[in-house]
Participant: 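Sharing a structure, written as C-alpha cells. Questions coming.
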Amino acid sequence: MAKWSRRDFLKTAGATLAAVAAKDVLALDLLAPVADPLGAYPYRGWETLYRDQYSYDYVARSTHSVNCTGSCTWKIYVKDGIAFKEEQYADYPPINATLPTYNPRGCQKGANYLEYVYGPQRLKYPLIRTGARGEGKWRRASWDEALSYIASRITANIQTYGPDTITFYSAIPAKHFVTFAGGARLANLIGGVMCSFYDWYCDLPPGEPITWGEQTDSCEAADWVNSKYLILWGANLLETRIPDAHFMTEARARGTKIVAIFPEYNPVSTHSDLFVPVKPGTDAALGMAMANVIVNEGRYDAAYCKQFTDFPFLVRTDNNKFLREADVVSGGSTDKFYVWNTATNKAVLVPGTWGDSNKTLNLGSIDPALEGTWNVTTRAGSKQVTTVFAMLKAKLASYSPSAMAGVTGIDAGLIAQIAREFAGTKPGRIIEGAGTNHYFHNDLNNRVQILLVALTGNVGKPGGGFDHYVGQEKIWPEHGFINLAYPLTTAKQRFQNMTLWTYVHADTVSDVDSVLPRPLSQYITESVNNGWMPLYPEGTLTTGKTPKVLIIWGANYVNQSKGYEKVVNTLLPKLDLIVDVNFRMDTSAFHADVVLPAASFYEKWDLNSTDLHSYIHPFTPAIPPLHESKTDWQIWIALAQALQDTRYSYYDAKFGMQRDFSRLVADFTINNAIRDDKAACQYLLDHAEETAGVTMDQINTQPHRFTQTSEVWTSDIKPGVAYYGFQRMTEHKRPLNTLTGRQQFYVDHDWFLEMGEQLPVYKPPVDVDAYPLRWNTPHGRWSIHSTWRDAKFQLRLQRGRPIVYLSPGEAARRGLVDNDKVEVYNKNGSFVAHLNISPRLPDGMAQMYHGWERYFFQQGGWQTPTTIRIKPTQLVGGYGQLKFKLNYWGPTGNQKDTRVEIRKFIG
Ligand code: SF4
C-alpha cells in the first residue's frame with residue numbers, strides 16, 4: 001500500500017482548495033478527486049474504540065430500590081465484566097389497546113445509578129468506628145470480626161436487657177422485597193423489634209384507615225387516563241413521579257381537565273388547566289368549602305351515599321355516639337348500627353357492619369334517609385337521633401366559599417367553580433401528594449379530600465377516587481412477602497410504630513399541648529397502657545428502659561429523622577450498638593458503629609413492584625458484588641451464622657417460646673432451600689396468590705402483570721382493565737374493613753369527640769413556632785430522598801449544594817441577595833445553606849428540597865428545625881378499623897407545621 005504522509009495530505013488538500021478558490025466557484029463537481037486521505041494512515045485500530053464503544057457481552061435486567069415508587073425495569077449492559085450503560089427496557093405488556101403503555105419507564109437518576117456502583121461513595125469493606133459517633137473515623141475490618149462483634153453485642157444486650165431492646169429498621173418492602181425480608185426474617189427468629197417506616201416518614205395517609213379501613217390501595221397510573229377531572233392536590237407529578245407523569249399529560253391531551261392545587265408554582269402547575277395557589281396548610285378549608293357547595297346545591301350522588309357511606313347512619317344527639325344495637329336491645333351488639341328506613345318509617349339495623357355476619361352492602365328493601373331527626377326507644381328511654389349526613393351538612397354550613405376565601409387565599413367564585421366542575425365531570429379523581437399529607441392535621445386533610453370523592457360517587461369507579469402514591473405498599477404480593485419475612489408468623493413478631501419509638505426515646509418534649517384538650521403525655525401513656533400502641537422496650541414509660549441496638553438497612557433513618565438534633569444528641573447515645581447495612585456512606589452509616597458493605601442494585605437478585613403499575617419484575621446480578629460487598633440476603637445469613645456461633649438461647653416469655661440460636665441458619669434458610677438470593681425470590685413468588693406459578697426466569701424475560709388477586713387488595717386485577725381501588729365495594733357490594741362497613745366519615749371514639757374531629761373539619765396548622773416562615777421540604781427532581789443527593793451528575797443540574805428558596809419579597813425584607821449564605825433557624829436549632837430567590841415561592845414560606853446528607857452542611861441539617869409532633873387521634877386503638885398495625889395505623893412523623901426565620905450568615 002502506498003504510504004501517505006500527513007504532509008502529502010495537507011499539500012493535496014491545500015492545492016485542491018486553492019484551485020477552487022482561484023475559480024471562485026464552489027461547485028462540487030469541480031473539486032479534483034483525491035485518494036482516501038486516511039488510507040495511508042499506518043495504524044487505524046484506534047477507530048474501534050469509537051466503533052465498539054457500545055458493544056457489549058451481555059445485557060442484564062435490574063431496577064432501583066430507592067423508595068421512588070418508580071419500579072422501572074432497566075437494561076444493564078456489561079462488557080469485560082464492567083457494567084457500563086443503562087437503558088430502559090420498554091417491555092411491559094400493554095393493558096389494552098387504548099391506554100398508554102408503561103413503556104419506556106425511568107428517570108434521570110435511574111439512568112445514572114452506575115455512578116454509585118463504581119463511585120467514591122461506594123462502601124468496599126466492613127468498617128468499625130474508631131472515633132466518636134459521626135466523626136467519620138473508621139478502620140477496615142474483616143467480615144468475621146464485624147459480624148462476631150455485632151453478634152456478641154446482640155446476645156449480650158438480650159441477656160442483660162431483653163430482646164425488645166434489639167431494634168430493626170428498614171423502609172418499603174416493595175422496593176426490594178427480599179432485601180427487606182432478610183432483616184425482618186432475622187428479627188422474627190431472634191425476637192427483635194421490627195419498626196414501621198410508612199407512618200414515620202409521614203407518607204401514610206391516616207385518613208385512609210380512618211375512612212376506608214385501608215391504606216394506600218391506589219389505582220395504577222394508567223387509570224389516570226380514565227379520569228375526566230383530575231385534581232393534583234400537592235402531587236407534583238412532573239418532578240416526583242417522572243416515569244408516570246406522561247399518563248397525566250396524555251389524559252389532558254384526551255380532554256381531561258387538570259387542576260393543580262399547590263402553595264407554590266411548580267413544574268406540574270405549568271401543565272395544568274387551572275393553578276390554585278392555596279395558602280399552605282389550608283387545604284382542608286378549601287375542601288370543606290367545595291363540599292359545602294356540593295351539598296348545598298344538591299350536587300352529591302344520593303343513591304351512592306346511602307349505600308357506600310355512613311351518611312345515613314343514626315347518631316344519638318345526647319352523646320354524639322352512633323345508635324348501636326346494644327342501646328336498643330338487651331345483649332345487643334356494640335358493632336351493629338341503625339339507619340332510618342323511609343319505607344317503614346322506623347330505625348332498622350343496616351347490613352354489612354362490623355358486627356353483622358351478613359357481609360353485604362346490599363340494602364334490600366331498606367331505603368335509608370339521609371337527613372332527619374327522630375326519636376327512638378332505647379333501653380335508657382326515648383332518645384333523639386339524627387343522621388351523619390345531617391350533622392355533616394350542619395358542619396359544612398360554616399364553610400361557605402366566601403367564608404373560606406380569606407382563609408385559603410382562593411376567590412370564592414373559583415372555589416364554587418371547582419366544586420361544581422368536580423361534581424359534574426365524572427369520573428373525577430384527586431391525586432394527593434406528600435404536599436398535604438405532611439401536616440399535623442394530615443388525617444383531617446385526607447378525610448376532607450376523601451369526602452369530596454365520596455359525595456360525588458367516585459370511589460370504586462374506573463377513573464375516580466382519591467389516590468396517594470407516597471410510598472409503595474399496594475399493589476403488591478403481600479402474602480409471599482409475609483411468608484418470607486416472618487417465618488414464625490406475624491403473631492410472634494414484636495412490631496413498633498417508629499414515630500412513637502423515636503419520640504419517646506429521643507426524650508422529645510411536646511410543644512403542641514396548647515392546641516390539645518390535654519397534655520400529649522397523657523394520651524401517650526393511656527394509649528400504651530391500654531395496649532393501643534406498643535412501645536418497646538416494654539416498661540419504657542415506667543422504668544425508663546431504653547433500646548440498646550439499632551440495625552438499619554435499606555433506609556437512611558438518621559438523615560430523614562424529624563427532631564434530628566434530639567435523635568442524634570439524645571436517642572443515639574442511648575444505644576450500645578448501631579449497625580448500618582449500605583452500599584454507600586450516607587448519614588446513617590456515618591453515625592453507625594459498624595458499617596456492612598452491601599451489593600449494589602445491579603449485583604443481586606431481588607423483586608420490585610409499585611402501586612403505580614401492576615407488574616412485578618426482578619433485580620438480577622448484572623455483575624458480581626464488587627469489592628468485599630455481599631448481597632443483603634447473604635449478609636443476614638452471615639449474621640445468623642455469627643449469632644449461631646454464640647450458641648445463645650433464651651426463653652422469650654412474651655411468646656412463650658425458647659429462641660435457640662444454635663439452629664438459626666437452618667431456620668433462616670429453611671435447611672438451605674432459600675440459601676441463595678434467587679431461591680428466596682422464588683419462594684416469595686410461590687407464596688403469593690398474584691404470582692403463584694411464575695418463575696424468576698420468566699419475569700427476567702418480561703415483567704409479569706399480577707394475575708390472581710388476594711383479599712388484601714380492594715379490587716380484582718382484570719385483564720384489559722387498569723387497576724383502581726374499591727371495585728369490590730361498588731361491584732360486589734363487599735363491606736369495607738371499617739366499623740360501619742362503609743366509607744366512614746363519622747368516628748365516635750371518645751378521643752375524636754374530645755378533639756372535635758368526629759366529622760371532617762378544617763384545623764389550621766399548629767403554628768406554635770413563633771417564626772414568620774413555614775418550612776417546606778418537598779421531594780425534588782434531582783434525588784430520590786437522600787439517594788443521588790451526593791451524585792455529581794445530579795449535583796450539576798442544580799447549584800451543587802444545599803439551597804433554600806425564598807420569594808423575592810421575603811428576601812428583600814431581610815436584605816438578602818441571591819446565593820447569599822444564610823442561616824435558617826428556630827428554637828430547635830439552625831443550619832447554614834445558600835439562598836435561591838425564586839418568584840415561584842409565595843411569601844411566608846421557605847423551601848428546601850429534602851434529603852441532603854448531613855455532611856453537606858457547614859452547620860446543622862435540613863431536619864434541624866423540625867421536632868416530632870404526635871397527634872392524639874393517631875394513638876387511638878380498640879375501635880374497629882383503628883387498631884395498631886405496622887405501616888397501616890399509628891402516629892405519623894409530620895413536619896410541615898414547622899416555622900423558621902432566615903438571616904444572613906456571617907462566617
Ligand atoms: Fe425508575 Fe426509580 Fe429507577 Fe428512577 S430511580 S428509573 S423512578 S426505578
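As a basis for the values below, the full set of heavy atoms in this structure was taken, side chains included, without hydrogen atoms, waters or symmetry mates. Numbers here are sequence positions counted from 1. When a ligand or atom number is given, it counts from 1 through the structure's own listing order.
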Participant: Restricting to N, O or S atoms of H64, which is nearest to atom 3 (Fe) of ligand 1?
Facilitator: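 Atom name returned: ND1.
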Participant: Is any side-chain N of the basic residue among D697 and K678 closer than 4.0 Å to the acidic one's carboxylate O?
Facilitator: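 Yes, D697 and K678 are salt-bridged.
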Participant: May I ask you to establish whether K562 and W200 are in a cation-pi arrangement, using a distance under 6.0 Å from NZ or CZ to the six-membered ring centre and at most 45° from the ring axis?
Facilitator: yes
Participant: Are any of the side-chain nitrogens in E87 or K85 under 4.0 Å away from the carboxylate oxygens of its partner?
Facilitator: yes
Participant: Counting only heavy atoms, which portion of P243 has something under 4.0 Å from ligand 1: side chain, backbone, both, or neither?
Facilitator: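 Near ligand 1, P243 shows its side chain, while the N, CA, C and O stay back.
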Participant: Would you say T63 touches ligand 1, if touching means a heavy atom closer than 4.0 Å?
Facilitator: yes
Participant: Quick one: which of Y602, Y118, W74 gives a ring pair (Phe, Tyr, Trp, His ring centres under 6.0 Å) with Y113?
Facilitator: Y602
Participant: Could you check whether any heavy atom of F601 sits closer than 4.0 Å to an atom of ligand 1, since that is the contact criterion I want to use?
Facilitator: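 Checking ligand 1 against F601, which is what was asked, there is no heavy-atom contact under 4.0 Å.
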Participant: Nearest to atom 2 (Fe) of ligand 1, what protein heavy atom do you find, and at what distance?
Facilitator: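 Going by distance alone, atom 2 (Fe) of ligand 1 is nearest to C68 SG, 2.3 Å.
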Participant: Within 45° of the axis and under 6.0 Å from the centre of the six-membered ring of Y89, does NZ or CZ of R61 qualify?
Facilitator: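 Yes - R61 lies over the ring of Y89, closer than 6.0 Å to its centre and within 45° of its axis.
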Participant: Could you tell me the residue and atom name of the protein heavy atom closest to atom 4 (Fe) of ligand 1, and the distance to it rounded to 0.1 Å?
Facilitator: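 Of the protein heavy atoms, C107 SG, 2.3 Å lies nearest.
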Participant: Just let me know how A111 lines up against ligand 1, side chain, backbone, both or neither, with a heavy-atom cut-off below 4.0 Å.
Facilitator: neither
Participant: May I ask whether W74 places a heavy atom under 4.0 Å from ligand 1?
Facilitator: yes
Participant: Which of the atoms in ligand 1, numbered in the order shown and given with their element, are less than 4.0 Å from a heavy-atom of S71?
Facilitator: 8 (S)
Participant: What is the ring orientation for Y102 with F247, classed by angle as parallel under 30°, tilted 30 to 60°, or perpendicular over 60°?
Facilitator: tilted
